[in-house]
Structure formats: structure tokens, C-alpha cells
Amino acid sequence: MLALLPSMLGFIKPHIDYHALAPEIILTVAIVAVLVADLVFDERRKWATSTIAGLGVLGALVPVITLAANGADRVMFGGAYVVDNFALISKALFLIAGYVVILLSINYIGEGDYSEGEYHFLLLCSLLGMSVMGSSRDLITIFVALETLSIPAYMLAGWRKRDLKSNEASMKYYLLGVFASAVMLYGMSLLYGVTGSTVLSTIGAGITKGSFSQPIITLGILFVIVGFAFKVSAVPFHSWAPDTYEGAPTPITAFLSVASKAAGFVALTQLVYVGFCSRSDVYAPLFWILAALTMTVGNVVALRQTNIVRMLAYSSIAQAGYILVPFATLGQGKQDGRSALTSVITYLLVYAAMNLGAFAVIIAVSRKTRSGEISSFGGLFSYAPGLAVLMTVFLFSLAGIPPLGGWIAKFTVFRAVLDAGTGWSLVLGIIAAVNSVIALYYYASVAKEMWMKPVPDDDRTPIKVPASLSIALGITAVATIVIGIVPNFIVRFGELAHLTAGFGK
Amino acid sequence: MPINAFLLLAAFLFCTGLYGVLARRNAVLVLMSVELILNAVNINLVAFGTRFQGDVTGQVFALFVIAIAAAEVGVGLAIVLLIHRNKSSINVDELDSMKG
Amino acid sequence: MNSFDQWALSLAVFIPVVGALVMMFAIPKEDEKSVKIAALVTSLAALAVGIYVMVKFNYDKSGTMQFAVDKPWINIIHSRFNIGIDGISLPMFMLSLVVVPLCIIYSWNHIPSPGNAKAFFILMLLLETGMAGTFVARDLILFFVFFEVVLLPMYFMIGVWGCYTRQYASTKFFLYTLFGSALMLLSFLALFFKGNATSFAMSDLAVAAHNIPHGTQLLIFGGLFIGFAVKVPMFPFHTWLPDAHTQAPTVGSVILAAVLLKLGTYGFIRIGIPILPEAAKSWAWFIGLLAVIGIIYGALGCLAQTDMKRLIAFSSVAHMGFVMLGISTLTPFGINAAIFGMVAHGLITGMLFFLAGSIKERFHTLEIKRLGGLLLQAPRMGWLLGLSAMASLGLPGLAGFWGEFPAILSAYSPAKGLTESTFRTFMVIAAVGTVLAAGYLLWLVQRVAFGQPKAEWEGHHFDDVLPTEWLAWAPFLIGILVLGVYPQFLFHITDGAVTDMLHTALGR
Amino acid sequence: MLNHAWIIPLIPAVSFFLIIGLGKKMPMKGSEIGLVSIFTSLVLALITAVQWINHTNAAVTGGEAGASDGAAHEAIVKPVIKVFTWWQSGGVKFGWGSHIDGLAVALLVVVTIISSCVHVFSLEYLRGDRRYTHYFAALSLFTAGMLNLVVAENTIQLLLGWEIMGLCSFMLIGHWWEEEANSRAALKAFFTTRTGDIGLLVGISIVYFATKSFSIETINQTVTDGKVSHLVILMGAIALFIAVIGKSGQFPLHTWLPDAMAGPTPVSALIHAATMVVAGVYLVARLYPVFVSGFSIGTNVTIGGLNPMALIGGITIVIAAGLAFVQNDIKKVLAYSTVSQLGYMIMGLGVGAWTPAVFHIFTHAFFKALLFLGAGSIAHSGSHHSFDMKESMGGLRKYMPITFWTFIVGTLALSGIFPFAGFFSKDEILAFAGHHGYHSFMYIGLVGAFMTAAYMTRCVWLTFFGEYRGGHAAHDDHHTVALVAHDADVHADHHDAHAEPHESPWLITGPLILLAVLATVVGFLNAAPFKIEKFTEWVQPRIAFPEISVPDFSWLEAGESLAIAMAGILIAAALWSKDLGRLRGLTKRNKLAHAGYTFLWNKYYLDHLYEGIIVAGITGPIARGAYWINQKLIDGTVNGVGIGAREAGKWVYKNIDQKIVDGAVNGAGMAASETGGLLRGLQTGKVQQYGALLFGSSAIIGLIFVIVIK
Amino acid sequence: MLANQMVPQNIAFGVMATVMAYCAIRVVTTDNLVRAALFLVGVLAGVAGIYILLAAEFVAAVQIIVYIGAVVVLFLFGIMLTKAQIGKAAHLTGDKWPIGLGIAVIMAGTMGYVLMKAFGMQKVDEGRIIGRSAAVADSIFSTYLIPFEVISILLLAALIGAIVLAKKD
């Protein structure tokens, strides 16, 4: 108890492990550098900000790698901030996804007369928030990290200032985000009120069954999860996603659907594994409902979409549903949390690759067609076979067709389900299976459009793909295919990422 | 005095704000209602802090919330202005160019 | 076993993919000639390795896995790159390696509209990898992956190079099959987890399955059943087949008929029965029932068709019914017959689809009403149609008979523990099916080949069988004849493996 | 040769491939290959026969010499069996080889002789045909199939031959497939026999599992030993008999056979008279113990001797004979006659008369082939390729003497007139039936004999007597197309529609003469009146065979049947010859009554028959009615089954497949899509509604959880 | 003795709570934008008072400085920049307000039930209240150092982003 009361004993200089903080520090330096560059460079040389941002992100990856090589778990600030394998993997995921988003943005932003420097600045801020999120094991840190990654994103969603849709996207995202934060904060306050601490491991010890009045704990857990359910766009907290995705600049949509969502899941994982691990009686049913609803609604509504981005929005909602499935199996049957965590991490990694890839193709294609309609992809195969093949790869990977990466992700989900082996989890598994067939329909319909339909207006001028986009496509495509064929290493990441407290070990 | 006095007051503020955000059309009023909610949370945090000897975590949390709330309001108003410039209206229920 | 043997199967499976990659990146789309040559060379190289395997195969030990390779693959889920070949898989493996080069030869001058030979051949090569891989996989996850690899190329083949309603057909094919494989995968996982298996290797799971209570076994087998039944396809999961076949380009139909449908039946023999023999016994009557329904139903469906290709497609439903009937008896005799039936159906129906394709090429229609007098317009083709139809209806002396008759025969005396009277009823129904088969096939021949050509073709000249067609068809025809006259070629390979398999599974 | 009889079917099989491969390039378009092969087979078959005869003779004499040494006797008359393993599956071995005994030898001889004759005949008959090569290839294949069936060592091999013949029959009936009627007839033939083949498949299966063997020898032995339950063997026998009905044109599956006359006439002679159609009979004879045991032949006389085989055979005799009366097409008369004669064989086997029935197969083959070839000769040279007796024939006696006389020989043999072959075999069947308690079947046989004699007389009369009615353009149903198709100028002399009828060339008459001689003499192989029982001696099996006691010959009975046949000839001659009127017919009836023949019991029937003849002229309403029933009802049923199946197919496809099975799947897809549409409605685009959803869900889920999870 | 101390506190709380509740309701119901902002000030001031009651003086100070001093001013700027009607305006409340009310009532019920169940009439332990701002500072600069640093970046980001969005171009 005394250790928790530093104030009573006077100020004790906290131990700071700079190696552990290096990724964030490098990111911060990059943020400042981008700002300065934006001030210094004139309009013609603004592209340099993107280069700086990209380098910054890559630079931040270096300490992530050295930390991983070092291997030791680093715990700071009384357990509020931890750098372990899980944190490192999630940071690597955020940073690589962020890098790909920067690659996607270069031409999009550069050619669109948007504020380029500030754009990259905000993107990096958001990445910083995510990076912090990966290590947070404390409610306040999680909250701050969440807002840091969200608030720049609210603004980025409205970055196409003259487009009302973009404004609207920003507004909706912002309002819903604030609402969700409010609910989450209320839940956090309840948890704090019960346990007297914001550190997750302490909370975990304080909310075991029978320790306190149950309803308040239940409501606290529930509200906190709602806050992140919003972030991962789980139904019924998903409603912002389609509109925001459609209206936001496409690279930002990619960012939101991948990095931001992944951050949500990372936070959820930490909360559930470290904080709430003993209370699967509360969150497992909640995740069950969320997962079932999310998969079903996401897929079914996606069937009726005509706008490709909007369709992918619903698709990413549905994908979030699959990722929620392992959460619903936690603490059920023989599920010891190991395979569920592996599944979540694996899914996030694969999902990042394939979804970013799909958006990269959309960006490349819409550079020519200037349209977001699915029909604008008509006959793509005949004039841009490379893009069509890549898009096909990404879409069918999302659908989970072997040997593309998506299958191993889905596979680990099913494995988590069967590991639990209870009736409820099996039902969820079947819902997931049925959903993956429904999903196939709309993924296939895009493929159909590209391969089997005529070219609209018979405009067969080839598409020029800028270098940065090509790199992004290359990274994502290689990742998607290689993960599918040799899934060993990616699943190994998932397996490595044991969380020290709770289920792990 | 009972701790619940503070907590219930906070709950009331929360729900009033909740009503506000759902019922008010004007975006600025919605933002004001959000502030009600956040303040309710802060009351909670500070009140809960009294349950634990010498613990100021609640207060610290409240401070962070205040800071972030300020940032949020700033951003929110910027977005409202953005919309106002393009649409000359800040009624949130008129924002439905995307749906379905 | 020398070091090449270690690599032989992997080579045969992956050479096509390598070829496809080379074609994708190194050969421009416009250079059709190089594309064709590259595709042919690749598939022939794979075939050459296949022939090497066939030659080196120890036929006296057809029941044991040969050319086995067992390397780590996905450690974390206990799945390994475990491949090998035995008497059950060898015929199917060879069939898939043979069919692809022939299809490439056939397509030499017949790239279906809208062209793009490069993409077409790349897909075909990918397909080859999937097919060959499925037949050598000894690990369920690996099996699943190869099983699915087949899906996409075929989807595009139908969807891009198919006929009028190709999109509907391809989507249907795709969704159906995926639905099936989703269930199949769930069953695989359930096997693994419920049995507390140490790996996904089929041999391990067969042991581990003893840990599973009977009721669960039944459920798991049910999942496997639907998964495979969709692919076979068995009634009532068959409706994708007529559409897919009808709309697919010729070689698509050929590959579909010759190899793809066999994936399902092969799954039953390779996975369903050895791993869950008890559940298979409990399900056998149901499988047999659906099989005979399929026989009659497919035949009735054929009688209703006005399109030649669709008729042939429906006939597949009936023929695969015989195969499934043989499997459902769970006797070595029946399963040998089933494997024979698979190969025979592959050759015969493949040949029929080739013919249908060539007829379509010439007449631009497959409406039976508009055809007629083919024997006058293109006599050789007409005779080939007659021969294939005869083979298809199970005429002794041609390959079809040896799949059909022993299957019927085996139903008289199914494995111990199965109800004889039920299966004997099936036997009689199946025998009635042979008559219906004769009915629709001869009716087809009569309307298409006999009689006088219709007036609308007056003055048209039609090429008889072209050299590329001869080249592509000759192996099929030789196979039909040789297997018909000397079925021991195939039974010799399968018998030991099937007997061993059933001995292990059912303990007799 | 006995050990290597399996070579005999291989020769024509090889010939088939040679003709297909090289035929077109040969000087005689491949026919020479066929000829060489069939003659080789013939020679080999004769050698086999001689060896077998020696074999049995040795056994018989050996048996007599050392009567005590029973074992040696047994061993020496065993069938000679040679088996190669053909294939093997699931522990079951399948052989391919030969099973040579008297029955097989008899059929080998018949088949090779008839086939040789037909080959020679076809050289001329089919000359210039568009598909000359294919024709000979098919003949070769057919011969291979039939010979394979004859020498079959096991049931699977038998089935192989059986089906190959079916295929050849299909190919040859549809030889002139340009005409739709022909292809339809071919289809019908194949389809009907195939229906019967269900029985064969099932029967072979049952017998296999009952006796654990496919080997004919083992099957017969096992069944004879009585080791198999009667019920099983009855099921097997019924199943096999269904196949027989289909293949051997028994009632009610006989309708394909007349239609099959659409094929070239030599084919009809070979396939649809002499050989293939007796394959069914042969099957019964081959697996006789199965049928004897299954149908309790010879042991259930007490219940009237009714067994399906005898019954079906009997019905077929009468019905087919009746139908033969109303045909105008000479080939159809012969076709119905064939059906009727097959009925005799089946009935004979049904009553236990194994040897007589087999003997009838033997003799029938010669005279029926003779008749068909005669009809072919007429069509070729006398009637401009028409087979219509009323329209294109008449008075041909003058133009075609050889054909006429040989035809007469055939007719007499068929009618069972002493001393032609038919007399001996038919009489033995009837005698056997009478002596073993199957009296009713004997009477049926006698009626049949009468009718046979009568319709054949009609046929001969219409063809050879009276005035020549031909001379106008041929409207033959199949040659027209062939004429158009091949080089008409080369063969103008043969096909000139206005040429006078003339005798056929020697390639046609040669076989006719040979067959006529054979039809005359072969009867004496087993001429009971003269105590010659060579055929019985050589052919009747000694082991694994039920006891057969051949009754002693009785001249009285033979006289009865002979008299009936003669009566038939006379009555018919009287009725159909123009110079005899109705009154003469009536007198004849009185004469019949006066003659005191022993079938007053059927006077009533005869009365009606004659009244009918009187009322309606030459064609009897009963025969007409029977024909109507035949065409509309039985044939209609056969066709109707086809149409019905097609309609059922359409219905199932349209309603069940497309609407229910497919509909359910598509419906599920639609439902998903519609749900999607509905859920889209929730996405109104209004941010506050989203907020309401968010807060509302939180509140409601919160409330529920708080209440439910304590 | 405790009771004596409690009384003024109770009275103060009662007054403040009433005012706050009234102001809060007015914020969400008034037809006048500016008035709504002023009522908001009332609520915010009340909250500051509550903090003082709970001996959290530093938080109370920050509340007044940040909220009343900055946020409300921002709102007023917002109202003016969006050229909103000063004074009464029609339709400030949407016609879907009953839904909002319903949800608010459910939420209130849930919260109330939970809180009553958890704490009942449990008293605030006066002895445990410490009002040392130093403790707050210590805590922020030790345990919560990272969030503190991050929040500075966040504020910078919000600042720059808001400028970019709000500025005319």
C-alpha cells in the first residue's frame, strides 16, 4: 500500500529507461522536425515533410527492433508503462502501418492541395499516441494515449476541407468519439472508485468476484469496453465508421481502419488480459454479443454497398467482428488465453497488410477514375492487370481464402473457438463460418467487377502508379502472400506476445 | 456526508448531458452537453478519491480529463466552424449526405 | 530413397507455380507464343516428374506412403509440410498432372473469348498446383490449403472466360465451395481439438480420433460430409455444378470434371473413412441414400436438358453418385470401384466436355435442338461423341463400366455393421440408374450425331477433329480404352492401399 | 484347342481394331480383314468342336469300358477351363478365359458359321455402302462379343460380351442413322435391352454373393450342391431372367426386336435372329442350375408347373405368332417369328427341356438366318430394296429360283415339317413338356406350331406366288438415304428402280444354299425317331447339372404336331391364295373337325379366328387387336416409359431442382441481402441517431448485465 | 462534533447541487444559445465548488481557469463565429428528443441503482481527505510522467490542427 503512496513520502525521482522510451522519443523528434520543416520549406519543397515523417517512423522502428533483440521486459512507473514483447509487436505494427499510410498519402496529399506539413505532423502525433498505447498498463495512460491518437484523427478525417463529406465525416467521428470517451471515462471512474488505483494489474486484483459490490464493477468494465468497442467499430458502436470512412481522405480511411482499429484492439487486449482477466463472466458474454452482431451486421450490410470504400468500411467492421471472437472465448472451457491472444495478434498483423493493400489499390485506381463506386472498377483487369491481380489477392485474403494471408488469421480464430470448446463458443464459431461465406459474396463481386465486367466508358488508358504507392503495394502484397504460405513466423509473433499478467504464461 | 450524494449528482449531470447531446440540434449546444458529461466524470473521480487514504490519483485523472476536454472542445469548435463555412448551418441533424 | 525422391513430389506440385510466376513477371502479355510454350513446358516438366514418381513407385507396397516428406511448416498450430503418395492418391495425382498439359494443348488455338492467353494459362498452372498438392497432402491443414488454392483460379476461369451467365455461375461455384470448405475446416479443427491430437497429420488424427466420444464423431463427420459433398457434388448440394459446367470455358469444364469433383470423393476416402471409421459407418446409409438419389436425380435432370453441356454436367451428378455409393459400402471392393469410377469419370466426362467445347467452337451453340447430323458434318467427332457416350453409360470394355458395375456389386454386401437390406435396395436403384444413363446419353447421341443436319447449317463447312484436338484427346481416348480392357492397371495400384486403409480403419 | 478357345473371340476383336485403323486404306475397304478373321475363327471353332467330340467320345467309351472307375469318368467330361487373372480388387479376383463344354462348342460352331455366311453375304449386299468399312468393323466386334459371351469363363466376362453385343446391335440397327426412324429404333433396342440388363447386373451380384464366385463352373456346382438358400437363388434367378426377357425379346419387352429390323438385313440375320437374341437363352442354359433351383423347375409340377420362365415363354410363343400374321413387311414377319421361336426355347428351358431347347437354339439359328438372308436376297435383287410383301413382291418364284427354294426349306424347317431341322428340336421340346407334367405348355406349343406354319405360308405366298406387284420406285425406308449418299452410278445396275427382278449373285446365293443344306441336315444330329442322340451326348453336361431324363420318342405325338403344322400350312395357303374363297375356308374347318384332331378345346378360338377372317377379309381382328395392343399398349408402354422418364426429368428439374433445391440456396442469399437492405435503413446518416445507438446500447446492455450478472 | 462540521457542508452541497441541476437542465433545454453558455458557467462553477467541498483545491482552481476562463469563452466565440442568433432561436432541440430522454432515464436508472447498491449511505471519510497540491504534482511527475508529456504533444496537435481546419484558405 505504501508503495502506492509516493505523495506521503515526498517526491521520488522516477526511474526512466530511455532505451524503452526511445521509439516515442524518436517519434517526438520527428514530430518537431516535421513542424520545423513545414515552417522552413516553401510550397515547392513541402514534400520533404513526408520524407521526414517516413524516416521518423522508420527510425522509431530501430529501437523497437533493438528492444526486441534485447528481450527483457521493462517495467516503469509502478507498472503503468511496460515494454514487453506484446508492446513491441504492437508498436511495430503501428509504425509499419503508419509508414505505409505515409506512402499512400504522399501523392494523395501532395496533389490535392492539402496542408501537407500539418497533415504529416498530425499523422505522427496519432502514431505517437498508438505507440504509447502499446505500452500502457494504466487507465490514465491508456486514456491519454487514446485521445492522442484520436484527436489528430478527428481532424485528419476532415482534412479535405472544401469537401462537405469530409467535414461531415470529421464531425461524426469527432462527436461519436467524444461520446464514447465519455462513457469510457465514466466506466474508468467507477473502476477507480472501486479499486483506488488506475494501474491495470491492481485493478485486476481489486475486482475479483466477491471483492466488492458486483453491479458497479460490471458497469465499469462494460463502459470501458464500450469506449474501445467504439474504436474498433464493433456493432452497435460502429455507426460512425461507414460515414467517416467514406468521407475521409482515403489514406486516412486506411489509417483509421487499420492502425486506429489495431490500437483499439491493443488497448482491449491489455484491459482484458491484465485488468479484467478474472471477470470473464462479464466480458465474455459482452464480447460474444459484440462479435456476433459485428460480424453479421458488417457482412450483411456490406452486401448492399455500391461504394467501394463504404463496402470496405463494412468489411472492416466485419473483420473486427472476427477479431472479437477470441475475446468471447476467453475464460471459457479450456481456453487459457494463449491461443486467443495469438489469434488476436495474428489477425491484426495480417489484417493490417491486406486491408492497407486494398486501400492502396483503391487509391491507385481512383487516381484515374476519380470515383469511389464499385462499378468504376469494371474491367480493371483488362487495362491494369497488375492492380487487378493485387486487389484480388487482397480481397480474397480478406475473405480468408488460402493460401493468402487471411486464412491463417481466420484459422487461428477458429482454433481459439475450438480451444474453448464450449457450446456457446462453438455457436459463435459457426456464426463466424457462415459470415465468412457471406463476406465472400461481396469480395467476389468486386473481383467480378474487375475481371468480368466491361470497362465503363471504354476508357482503357493505363494507370500510372507512383513510386510510393508501388512500394506500399509491394510491402502489403508480399506480406499478404508470404504470411499465407509460410505463416510460421507471423503466428510466432502472436505466440510471443504473452502478457505478463492474467492469462499469459 | 454520503459519498453517494456526489456520485448521484454526477450521474444526474451525466444523464442531463446525455440528453443534451441526443436532443440538441445546434452543434455548439451538443459540445456544451459533452462538457456536462465530462464534468460529471470529474466529480466522480474526485469524489472517489476520498475513499482512499492519501490517494490523489483521482484528482490527477480529473486534471488530465480537464486538459483533454479543453483540447477536444477546441478541435470540436474548429470542425464546427469548418462545417459552418461550407454549409452555413451547424445543425447536426442536417449532416446526412452519407448514409446506408 | 535418393535425394531426388525427397524432392520429387514437391517438385511436381510446385513447378507449375514457378512457371506461373515466371510467366507473370518475365513474359509480356502480347507474346502469346512464348506464353503458350512456357505454359506447356512447365506442365510437361511437372508431368515428367510425375512420371518419374509413377515409375519409381513401389507397387507392391501401394498401401504405404512413398516419397514422403515431413518438414516443419506452421509449428505453432502443429501443422507440418507432410506429403506422400500411396496407391489411393497416385491415380488422382497423375490424372491432375496429365489433364493440365492436355488442356493447354487443346487451348493452343482455342483461347476462349476474351483472350489473354497469359492470364488463362497462369490460372491453369495455379490450378495444377492446387490439385496435385491436394492429392499428396498428408496433413489436414496442408490439404485444406491446397484444396482452397484450387478455388480462385477456377472462379476466374469460369467468370472471365465463361459464357453468358458466367458471373452468376462462378459466384455460385465459389460460394458453395467455400461454404463447404468452411465446414470442412471446422471439422478438421474439431478433430484436432476434441481428439487432443499432437499434430494435424492424418495418421496422428486417425489415432487421436479414438479419444472422441461417438456422438461428437458423428457431428464432425457430418461437417466433413457436407464439406466434401458440396465438392463432389452430391444431391442436394449439386446445383452449382450444372451452372459452373455450362458456363465454364471448355478446358475449365474439363478440369472441373476430370479433377476438381474428385477432390470431394478423395476427401472421403483419404480423410473421412480412415480418421472416423465408426462415424463413417453410422453415416454410411445416409451417404448411400444421397448417392442413389443423386444417380436417379442426375439422370432425370439430364433428361430435362436442352443444352448439351448442361446435360453432360448433370450426368456428373449421376456418375458421382455411383462413386459415392461405392464409398458408402466401406468395403475394399466398393472403394476400389469408387477410385476407378473417379478416374474413369474424369477421362470420360472430360472427353465429353472437350467434344462439347469443340462443337460449340464450330456451331456456336449447344442447343440440342439445333444440332443434329454431326456424323455427316464432322464424322470423326460424331464417332468420338458416340464412343464417349458409350463409355459414359458404362459399357463393358470401356472405362466407365469398371467404376459403375463393381460399385453396384459392392452394394449387395456392404461392410459389417451396415444394413444389408438398405444397401441392396440401393443396389437395385443404382442399377435402374444405369438404364436411365443409357437413355439420356443415347438420346443425346441420337439427337446430336444422327439424322440430317438442320437446314440452318446449309452451306457451312465444319472442320473435323483438328490436330491439336487429336493431340489433346488421344490420351483420354487411350485411357478410356485401356482401362476398359485392362482395368487391372488401376486396380493393381489402388487395391493394396485401399485394403490396408480399411484394414487399419475398420480392423478387418 | 480346347484349352485355348479364348483365342477365338480375340481374333475378331483384333480384326475390329484393324478394320477401324486400316480398313479404309485396304483394297476391299476392310472387309477382307473381317472375312479372314471370321474364317479363322470358324476353323478354330470347328477344330474345337472336333476335339470336344473326341473328348466326350473318349469319356463315354472310357466310361463304358471301365464303368467301375467313376472318378475317371467324372474327370474327363469336366468342362475345359482356362483362366487368366484379369483384374483384382478388394481381395476379389476376376478372370478372363474360356469355359468350354458342349454348350459352348455348339454355340461356337453356330456363331462362326452364321457369321461367316453373313460376312460373305454382306460383301455383295452392302457393296458401295457409305459406311462399308464401319459395317464390317461392327460385324467383327459383334462376333467378338458373341464369341466372348459363349466361351465366357465367368459372369463378368459374360456380361462384357453381352454388353458389347448390345453396342453393336445399336450401331448396326442405326447403321443408316441419317433417317431418324432408324436411329430411334437403335435407341429403343439398346434402351430396352439395357432395362433388362438391370436384372443382369443385380442377378450377377446376387449370384456372386450367394456362391462367392463369378466362375460359371463354381456357381453351377455350388447351386447344384444345394448350398445356397432358396430365397436368394430365387431372387438371383428372377433378376437374371429379367435380363433374358430384355435380350431375348420375351413378352413384354419384345417390341424392340421388330423395330430393330431397321438395320441391314444381314445384320438382322446374324444378330436379331441367330445369335444375339439367343444370348438370353444361352444365359439360362449356361446357368441352368440357378434357374432350376430358383424356379423349382421340374419339382413343382404338382402346382401346375407354373414358373415364370415357362409362362413367359408360352405367352411369347402365341402372342408373337399372332402378330406375325398382320405384318406386311417380310422382315417383321420373320422378326415376330424369331420372338415366337425364342419363346419356344425359353419355354423349353422353363419346363426342364434343357437339351431340346439348346438344340432348338442350334437348329433355329440356321433356318432363321437362312430366312433372313433370303429376305435380304429378295430385297437386293427382287423388290428394289423394299420389304413390303404386298406392295413390292409377289410371283418372285419365277425370277429367283434359288432364293425361292432355299426360302421354302427355311419355311419348312421353321414350321417343323419332317425331316427339316425344326421338326426335331421343336418336337423334342413339346414332347418333353408333355411328359413332365407341363401339359398346358405342350398345348401352347402346339398352337404355336400351327400358327407358325400358317403365317409362314402366308409369307411365302405373298412373296413368291401370285403376280409380281413391284416395279414402281422403291420406297424402302433406309436405302433411300444410303443411295443418295453413296456413288449411285457405280452400282446403278443394282439399284436401278426399273430393273426386272432377277436372281442374286453367288455371293448371296452361296450362303443361302449352304444354310439351306444345314437347315436340312442338322436336325439329324439329335433325331429321336432314329435314336440318334449325338447332340445330347456331346452337349449335355455331366456334372454340376440337374438330372434330365429325355422322354422316349413317340411317333404319335410327333405325328400330332406334324399334322398341326401341315394343317396350318394348308389353311393358310387356302386363305391367302386368291383362288380359294371363304367357303373353302369353312370347308377346311369342317375338314379339320372331321380329321379328328385333338384340339377341339380351342374350337371356340378357331371359330372366332375364322369368323374374324371371314368378316374382315384376310386380316383377323384378333391379330389386329393383338397388334393394336402390341403397338399401343406394350410398345406404347415402352415408349411411354421413355417419354415418362423424360417428362419426369423435366418436372423434377423445373420444380425440384431449380425451385426448391436451388431456390433454397438462392433464397438464403436473397434473405441475407434483404436483411442487409433493412439494416442499411438503420444507418440514417444522422449523427445523433448514431449517438442514441451508442448510448442506448450502452445503457441497455449495462442494465441487462447489471441485473443478470450479479 | 463531526456533525457540526457536516452541517454547513451539507447546506453548501445542497445549494450547489440544486443550482447545478437547474443550470444543467437549462443548458439542455434553453432556446437561447448565449444563455445556454451562461448556464453552463453555472454548472462549471458548481463543479468547482464541489471540488472544494471535497478538498481538491488544485483541481477546483484548474476547473475555474480552464473551463470558465477558456472553454466557455471558446463556446462564446463559437456561437459568434457561426453567426448564431443571439437571443431566442427556434428548433434548438430536435424532434427526436424523447428518444434522448428515454435513454437518459434508462442510463440514470442504471447508474443510480448501481451506485446505491455499491455505496448506499456510506459516508465520505473526512479524515482521509488530503488537500495537498504537492501530492498531485508529485504524482503527475512520477507515475504519470508519460501521459503528461504526451498530453503536451496532444495539445500542440489540437492547436495546430484546429488552426488549419478553422482558417480560411
Side-chain angles (χ1 to χ4, degrees), chain C residues 172 175-176 235-236 238-239 297 299-305 314 331-337 340 373 375-376 386 390 393-397 401-402 405-406 408-413 427-428 431-432 434-436 438-440 442-443 446 449-452 486-488 491-492 494-495 498-499, chain D residues 85-92 94 134 145 156 159-164 166-167 170-171 174 177-180 182-184 186-187 190-191 194-195 197-199 201-202 204-206 208-209 239 481 485 642 645-654 656-658 660-662 664-666 669:
Chain C
K172 199 166 171 184
L175 289 179
Y176 254 105
F235 175 88
H238 65 280
T239 53
Y297 191 89
L300 290 177
C302 284
L303 287 172
Q305 300 309 321
F314 255 102
T331 54
F333 197 70
I335 291 179
N336 275 333
F340 202 106
L375 276 169
L376 289 177
M390 285 295 166
L393 62 83
L395 195 82
F401 176 74
W402 301 115
F405 171 68
I408 294 172
L409 191 64
S410 67
Y412 186 84
S413 166
M427 175 180 85
V428 175
V432 173
T434 62
V435 178
L436 291 176
Y440 60 74
L442 292 180
W443 195 37
Q446 187 214 359
F450 293 160
Q452 289 288 344
Y486 193 61
Q488 181 72 355
F491 284 122
H492 174 54
T494 61
D495 195 23
V498 170
T499 313
Chain D
T85 301
W86 185 13
W87 55 287
Q88 178 176 3
S89 158
V92 186
F94 293 79
H134 285 155
I156 302 286
L159 175 67
L160 177 73
W162 180 284
E163 295 285 346
I164 288 177
L167 168 70
F170 172 79
M171 279 160 56
W177 40 255
E178 286 89 344
E179 197 75 4
E180 207 199 333
N182 296 347
S183 64
R184 200 171 277 169
L187 206 66
F190 196 89
F191 192 61
R194 187 91 187 165
T195 306
D197 291 353
I198 302 174
L201 292 179
V202 174
I204 288 179
S205 306
I206 294 177
Y208 167 70
F209 285 104
V481 179
R646 212 180 300 157
E647 290 305 313
K650 277 184 191 155
W651 186 85
V652 166
Y653 178 69
K654 201 173 134 209
I656 295 186
D657 197 69
Q658 295 299 299
I660 297 177
V661 180
D662 210 20
V665 174
N666 289 340

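Labels below follow one simple rule: chain letters A, B, ... track the order of the sequence lines, proteins then strands, and each chain is numbered from 1. These numbers come from a predicted model, not from an experiment.
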Shortest non-hydrogen contact between C:V432 and D:I198, atoms and distance:
CA-CD1, 3.6 Å
Under a 4.5 Å heavy-atom cut-off, does chain D meet the side chain of C:W402, its backbone, both or neither?
side chain
Structural part of C:V498 lying under 4.5 Å from a heavy atom of chain D
neither
Chain D contact via C:F340 - which portion, at a heavy-atom distance below 4.5 Å:
neither
Any idea which heavy atoms bring C:A304 and D:K650 closest together, and the distance?
CB-CA, 3.3 Å
Are the side chains of D:F190 and C:L395 in touch, meaning some heavy atoms are under 4.5 Å apart?
yes
Using 0.5 Å steps for rounding, measure from the CZ atom of D:F209 to the OG atom of C:S410.
7.0 Å
Sort C:Y440 into side chain, backbone, both or neither according to what part of it lies under 4.5 angstrom from a heavy atom of chain D.
neither
Among C:V435, C:L376, C:I335, which has the most heavy-atom pairs under 4.5 Å with chain D?
C:V435
Counting heavy-atom pairs under 4.5 Å with chain D, which one of C:I408, C:L436, C:N336, C:V428 comes out on top?
C:N336
Does some side-chain heavy atom of C:L300 sit less than 4.5 Å from a side-chain heavy atom of D:W651?
no
Any side-chain heavy atom of D:F170 within less than 4.5 Å of one from C:M390?
yes
Could you look at C:L393 and say if it's the side chain, the backbone, both or neither that has a heavy atom under 4.5 Å from chain D?
both
Between C:Y412, C:Y486, C:F333, which residue shows the highest count of heavy-atom pairs closer than 4.5 Å to chain D?
C:Y412
Calculate, to the nearest 0.5 Å, the distance between atoms CZ and CG belonging to C:F401 and D:L160 respectively.
7.5 Å
Taking the side chain as C-beta and beyond, is there a heavy-atom pair between C:T434 and D:L201 under 4.5 Å?
yes
Under 4.5 Å between any side-chain heavy atoms of D:I156 and C:F405, yes or no?
yes
Please classify the contact between C:L175 and chain D as side chain, backbone, both or neither, with a heavy-atom cut-off of under 4.5 Å.
neither
Less than 4.5 Å to any heavy atom of chain D: does that hold for the side chain of C:A299, its backbone, both, or neither?
neither
